[in-house]
Amino acid sequence: MRNCFALSLRVATVPLLTCLPLVSALAQEAPKTASSATEAGALTLASAITTALGQQPQLATAAANKEASAQRLKQTQASYLPTVTPSYNFQNQYTFGKVQVFQGGGVVADLPSGRTVTTRQEQISLAYRIFDSGRRDLNARQSRQNLRVSELAEENTRQTVISSVADTYYNALRNDALVRVSQSQVERAKTTFDQITFQANVVGTTPKKDILQAQADYLNAEVNLLQAKNNAEIAHTQLRNAMGLSGLGKLSLVDVTPPTLSTPLTAQVTGVTPDSKDTDAITKLLAIANTNRPDIQQGEVNTVIGETSVKLAQLGNRPVLNVDLAAAYQLDAANDPTRQIGNNRAILANLNYPLYDGGASRANIHAAEANQRSTVAQLQNQRQQVALEVEQSWRNLGQARASIPATDAALAAARKNYEAASEALRLGAGSTVDVITAQTSLVQAEINYVQALYSFYTADSRLARALGQADRIGQANAK
């Protein structure tokens, strides 16, 4: 009798002492506020971005490309300056031969003979191009433009890295939360399975199909948990890769605060607030994006580079006049009075015209013009892509913001529904199907809430990136 009482008490207390804490696990564990997640080793989004800016190889590559462009600009600027070349020439020449010598009695003898001649020459020469029909001006202009492109490419890479870190950071948080959802799902399914098994074995009121159905639900929940854990591991690996780090294992991340309808945007645009009308907001956002985006500016400079390339190609099909000034001074040496010394000065003019080159010059012009048209089309395509990014991010942000209170309310309703179904089953007034259906609805409500929460922050950071304000993400380097 005592054993039966104990078992009956277990049936009554399992839903109350075990199920209710489990169904509220998501609310207790996720999301954490930034102030409560200051545990040792926790990685904030700002610190993740700072790490990426110091470790990401893409930034090192962009910086090296910019340095190379700066050095090429110096090369073209050097053409405006004279070149001074000191030279020293030393030659020691030994000549060997035979000399015929007449000896007494008419005898001719061959005697070896050699002579050494040493010459030296020290000279300083100067060369300076006075005029070259504008070629070096065009080359210098193009080098400056290429340097500007490299600078914009570096800034674009920087913003891309920041945005990538934010995306992977929020994705890792999302997958961590989904693991907690799956763990709660497993625990609830296990509790239901144990309860159904107990009622079947002890009370004898539960059909076998209910046991099998509860068991299948429990095993499926375990499979879902394995998949969720694997997704979380991959998400943390992606975050580590975005930061430019290697290694294994999950990172300890600081979670986000659930947003509200009044949560401000990361991006700052005058006249745009979270409650702005879509049409007005998108128009203003596009204007900011077209002004701030470094890749848009890079495309604009590339079109100017194309124009310069066309002018250089056209120069190759015209008469070209080069005028050079040359001077040289041969140094004196007291130990060699036979050496010639003096100054040489010359002005050299060269005019050439490609009268016939098989059409190569005109083909070069046509190729440059085609490349120019290509860069213009690429810029137009880039503007369209940016417009798409801006609108998608804005609309996704609005949807996520509106979804959070709705998913929160749905989650609360799903919890109550699950509690009611579990209690009905305990009292013998419900069925296994009702509990499993309620549990499925609760899991879906938890997933919807998690997705809405992190979709908001992902869309918010993507909007900042789309506007060229990625430095504001995480406030790591806000200007």
Side-chain angles (χ1 to χ4, degrees), residues 43-59 61-63 149 151-174 235 238-244 253 256 259 263-274 276 278 281-300 378-379 381-401 453-479:
L43 183 69
T44 65
L45 176 58
S47 59
I49 291 173
T50 300
T51 300
L53 294 179
Q55 298 291 332
Q56 182 53 248
Q58 297 178 39
L59 289 171
T61 300
V149 166
E151 293 170 345
L152 292 169
E154 182 183 35
E155 175 59 23
N156 188 59
T157 301
R158 172 189 171 85
Q159 296 207 20
T160 299
V161 167
I162 293 174
S163 178
S164 177
V165 170
D167 271 3
T168 53
Y169 188 92
Y170 293 134
N171 188 49
L173 288 176
R174 175 189 289 110
Q238 292 171 338
L239 171 59
R240 192 180 291 106
N241 179 264
M243 294 167 58
L253 306 179
V256 295
T263 299
L265 302 175
T266 295
Q268 285 190 345
V269 179
T270 303
V272 176
T273 59
S276 297
D278 289 344
I282 291 174
T283 300
K284 294 178 181 178
L285 294 174
L286 285 177
I288 294 295
N290 285 323
T291 301
N292 290 352
R293 282 282 295 244
D295 49 350
I296 292 291
Q297 298 176 37
Q298 185 179 353
E300 291 172 344
Q378 290 173 8
L379 175 59
N381 180 69
Q382 185 64 24
R383 292 186 189 277
Q384 292 176 356
Q385 291 298 318
V386 168
L388 178 62
E389 290 178 25
V390 170
E391 183 170 353
Q392 282 183 335
S393 299
W394 173 258
R395 294 189 182 279
N396 289 340
L397 181 60
Q399 177 187 353
R401 188 188 297 272
L453 174 63
Y454 296 106
S455 292
F456 170 86
Y457 282 103
T458 299
D460 179 63
S461 65
R462 288 182 178 177
L463 178 61
R465 169 65 180 107
L467 299 181
Q469 298 181 3
D471 276 336
R472 298 189 55 81
I473 298 175
Q475 297 298 315
N477 298 282
K479 297 179 179 178

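For reference, positions follow the sequence shown, starting with 1.
Not a single donor-acceptor pair under 3.5 Å links the side chain of S276 to the backbone N or O of V272. Judged purely by atom type and a 3.5 angstrom limit, D460 has no side-chain atom pairing as donor or acceptor with the backbone of L265. E391 contributes no side-chain N or O that, together with a main-chain N or O of I282, makes up a donor-acceptor pair within less than 3.5 Å. Judged purely by atom type and a 3.5 angstrom limit, S163 has no side-chain atom pairing as donor or acceptor with the backbone of T160. Judged by distance alone, the side chain of N290 and the main-chain N or O of L286 form a donor-acceptor pair under 3.5 Å. Listed for the Q297 side chain is a donor-acceptor partner under 3.5 Å among the backbone atoms of N292. Looking at T291, its side chain does come within 3.5 Å of a backbone N or O of A287 through a donor-acceptor pair.
Considering every non-hydrogen atom in both I288 and V269, the closest pair reads CG1-CG1, 3.8 Å. Nearest heavy-atom pair, S455 versus R174, reported as atom, atom and distance to 0.1 Å: N-NH2, 3.5 Å. The nearest pair of heavy atoms linking Y457 to P259 is CE1-CD, 3.8 Å. Residues T270 and K284 come closest through the heavy atom pair O-CD, 4.1 Å. Here the shortest heavy-atom pairing between G474 and L45 reads CA-CD2, 4.0 Å. Contact record, T168 with A242: OG1-CB, 3.6 Å, taken as the closest heavy-atom pair.
Between the CZ atom in R462 and the OG1 atom in T458 there is a gap of 6.0 Å [rounded to 0.5 Å]. Going from atom CD of Q159 over to atom CG of L467 covers 10.0 Å, rounded to the nearest 0.5 Å. Rounding to the nearest 0.5 Å gives a distance of 10.0 Å between CD of Q382 and CD of Q384. Rounding to the nearest 0.5 angstrom, the gap separating the CD1 atom in I162 from the OG atom in S461 is 11.0 Å. To the nearest 0.5 Å, the span separating CG on L397 from CG on L463 amounts to 6.5 Å. To the nearest 0.5 Å, atoms CZ (R472) and OG1 (T266) are separated by 7.5 Å.
The one candidate from L173, L253, N171 that meets the side chain to side chain contact (heavy atoms under 4.5 Å, CB included) condition with L239 is L253.
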Show your reasoning for whether salt bridge (Lys or Arg N to Asp or Glu O under 4.0 Å) applies to D471 and R158. CA-CA 9 Å; D471 276 336; R158 172 189 171 85; 3.1 Å; yes
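Residues I49 and Y169 form no side-chain contact, since every pair of their non-hydrogen atoms from C-beta on lies 4.5 Å or further apart. A 4.5 Å side-chain heavy-atom check between Q469 and Q268 finds at least one atom pair inside the cut-off. With contacts defined as side-chain heavy-atom distances shorter than 4.5 Å, the pair F456/N396 does not qualify.
Between E389 and R293, at least one side-chain N (NZ, or NE/NH1/NH2) sits under 4.0 Å from a carboxylate O, which counts as a salt bridge.
Not a single side-chain hydrogen bond (donor to acceptor under 3.5 Å, both in side chains) links Q298 to another residue, sequence neighbours left out.
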